2 protein chains.
Amino acid sequence: MKKHAGTPSKSKKIHRSAAKKRAGGEPADAGRFYYKGNRHKQLRAFVSVVKLGTLTRAAEALFLSQPTISLQLQALERELGVTLLERRRRRINLTDAGEALYELARPLVEGWDTLDRDFQARVKGLQAGRLTIAAGTSTIQYLLPELVRRYRERFPAVQLQLANVTGKDGLAMLRADEADFAVGSMLDVPNDIAWAPVQHYDPMLILPPDHPLAAKEKITLEDISPYGLILPPQRLSTYRLVDLVFQQRQMPYHVAIEVGGWDVIKEYVAMGLGISIVTGICITEADHARLAVRNMKQYFPQRSYGVVMRKGKFLSAEARAFVDLIRPGLLTHRDYDEPGHSGR
Amino acid sequence: MKKHAGTPSKSKKIHRSAAKKRAGGEPADAGRFYYKGNRHKQLRAFVSVVKLGTLTRAAEALFLSQPTISLQLQALERELGVTLLERRRRRINLTDAGEALYELARPLVEGWDTLDRDFQARVKGLQAGRLTIAAGTSTIQYLLPELVRRYRERFPAVQLQLANVTGKDGLAMLRADEADFAVGSMLDVPNDIAWAPVQHYDPMLILPPDHPLAAKEKITLEDISPYGLILPPQRLSTYRLVDLVFQQRQMPYHVAIEVGGWDVIKEYVAMGLGISIVTGICITEADHARLAVRNMKQYFPQRSYGVVMRKGKFLSAEARAFVDLIRPGLLTHRDYDEPGHSGR
DNA sequence: ATGTTTCAATCATAAATATTGATAAATTCA
DNA sequence: TGAATTTATCAATATTTATGATTGAAACAT
């Protein structure tokens, strides 16, 4: 191999490589980046060392011998001209430069590591694997079915587990690595959690079609106030939200029935047992036949549903494929469109 | 080199690599990914070929000979087990699989290509280079100064060019590659442009302190209607926005003075020549002394300011460093925080 | 302290791999 | 058809990468 970095060539190229033909075209911008050695392997070693704490363990993880890692690190430091690790004590220590490099390199290395599987997934579909998604009942019932259908169509070999959990349990599953990610609504986002809202739904007032209020076009909070509400259990966010809004407006209200499950609530409302405020997510076309529906977005905030992940967790190919169905641009990045305003 | 991929080792390892020590620990999850050959170089070749259209040109760009590229491509296709390119005619053609791979690989290859420079930038600061940002006057005057200060502090060697342009010209500069990116507000985003809003400002009504309306706490559109407005030129979005809102509400209004520059407008208002509706961006602390200010967000939409880029363009290290100042997570990705709601 | 264990660095050597020049074959263009 | 351009093939060679053996240091246990 000619040392092609820096010294394009000596002999008159037959395969006209680089050196030639740099006259009429663009201002010699190409070839700005030479690749010394194999930065790729070096950085994989580096990232692995940082993750695992010692060269020896990194070597194990990468199926290499320890001297290899040592040499790669040295080459990396030499070529970058900085010290990355303090090899003090029994555990390595990142220098500031090392910290910076790790931050830059980790996503690349990880992206690289999963590229093959990602690609096979795209081309042939995933051949095996399992995906666990944590989600609330309403999400599973109304938001996910279509996505699950498309996912199963594309990746029939993947075992799909939908864990029906409420907020707290969902977060616990994420933290315990028992779920790849969660889908749902979040009122407040903990520090270690990343939330990417995708779908937005307006709050809806539902009433029996023969209810006195159903005649009115615009229904205000005052109008609602006298009637008994059917709401989900207090621990769920919808209840808390409704309560909050009425409290803030100092409007009296009373809960006639407290019962779990949007279907049940809709059924009860249709039967004339009360009225309710639900998220737009659970209003289907069919419901308009048996229920009167009014948008309440001027009084209650929108509910946003989205993907919930543990920060820093690297998603499996299976998980990434699903997230990509939910929202194409989210993981590939390079798509800076304004989020929000998708549903509604 | 022992074929370390797949066949961990034959002899009893001294440097205890992979094979050993897989008993008590985790369930042999490590080492799921082997690296055949040098996928890295193969993919760089592939991406380059796709970009440049022929193997020969790709070889030039990478300072390699043409056979090298040919072989790398073949190895890639063989190892992935798919055909990526149709080598028909004089120009290569991507297969579907090739398309998919290109999409997955390009960000990685590009990230890789600039990693070294990015790193040097982080560690030593950028040693040279030039950065051209297109922005409107108000952006340059109110939004950018602090950012520019911080950028110059960190990267004093970079030549910073701020092109003071209005919307159309800014887009033209982006498309002509005369600007690295633009910063500003966008009402509608063309298809080839990516916009990432970062800062959001409420619309503000400004009046002279002794104006009759200044006594009122809540000021409505009706209140404003009789008074003469001072607005920026019609071609600017603020004018169009104000006009639109009054039109929609079928509210009469009249423009007393049309004049460019927020500073001038503020000055005129302070002098009692009229009232105006401006973006919150240009209201500083000092202005509260000479102007009465009212938030008009219930009538006029928020204005969002953000980073405008040409889709697909890969930013220079200089540009990335700046964007990173504007909004840390935007480019590094891996940070799925809800955008929006930052300013105000 | 002293012996043991764990870890990283060094080095010569072995092996894999990448790159190349030469050349052939195919395609496009005039 | 002939010139030009492009890709594929191949054997030879240059280069990189990985390894085993070994050493010296630090941490740990007693």
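All of these numbers come straight from a predicted model, not from anything done at the bench. We name chains A, B, ... by the order of the sequence lines, and we start the count at 1 in each one.
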Please evaluate the base of dA9(C) for a donor-acceptor partner in the side chain of Gln74(A) within a cut-off of under 3.5 Å? no
Does OP1 or OP2 of dA8(C) have a side-chain N or O of Thr56(A) closer than 4.0 Å? yes
Rounded distance in Å - CD (Gln42(A)) to C1' (dT17(D)): 11 Å
Would you say Asp192(B) has more than 12 foreign heavy atoms packed within less than 6.0 Å of its CG? yes
Classify the side-chain pair Gln74(A)/Ser70(A) by whether it contains a donor and acceptor separated by less than 3.5 Å. yes
Just the rounded figure in Å: distance from C1' of dA18(D) to CD of Gln66(A). 12 Å
Among dA18(D), dT10(C), dT6(D), the nucleotide that comes nearest once only the side chain of Thr68(A) is considered: dA18(D)
Are the side chains of Leu131(A) and Gln159(A) in touch, meaning some heavy atoms are under 4.5 Å apart? no
Using the six-membered ring wherever Trp is involved, compare the ring planes of Trp112(B) and His40(B) and label them parallel, tilted or perpendicular (cut-offs 30° and 60°). perpendicular
Between Ile69(A) and Leu73(B), which residue's closest nucleotide on DNA chain D lies nearer the 5′ terminus? Leu73(B)
Check the distance between dT17(D)'s P and Leu64(A)'s CG and give it to me in whole angstrom. 12 Å
Between atom CD in Glu86(A) and atom P in dA8(C), what is the gap in whole Å? 14 Å
Could you tell me whether the side chains of Arg117(B) and Gln120(B) share a donor-acceptor contact shorter than 3.5 Å? no
What nucleotide, of dC10(D), dA8(C), dG20(D), holds the atom closest to the side chain of Leu55(A)? dA8(C)
Length of the CG-P vector between Asn38(B) and dT17(C), whole Å: 10 Å
Any side-chain N or O of Thr54(A) under 4.0 Å from OP1/OP2 of dT6(C)? no
Rounded to the Å, how far apart are Glu60(B) CD and dT5(D) P? 12 Å
Side-chain-base donor-acceptor pair under 3.5 Å for Gln72(B) and dA18(C): no
Contact under 4.0 Å: Ser70(A) side-chain N or O vs dA8(C) OP1/OP2: no
Mind calculating the distance between CG (Leu85(B)) and P (dT6(D)) to the nearest angstrom? 16 Å
Rounding to an integer number of Å, can you tell me how far Arg78(B) CZ sits from dA8(D) C1'? 14 Å
Would you say a side-chain N or O of Lys41(B) is under 4.0 Å from OP1 or OP2 of dT19(C)? yes
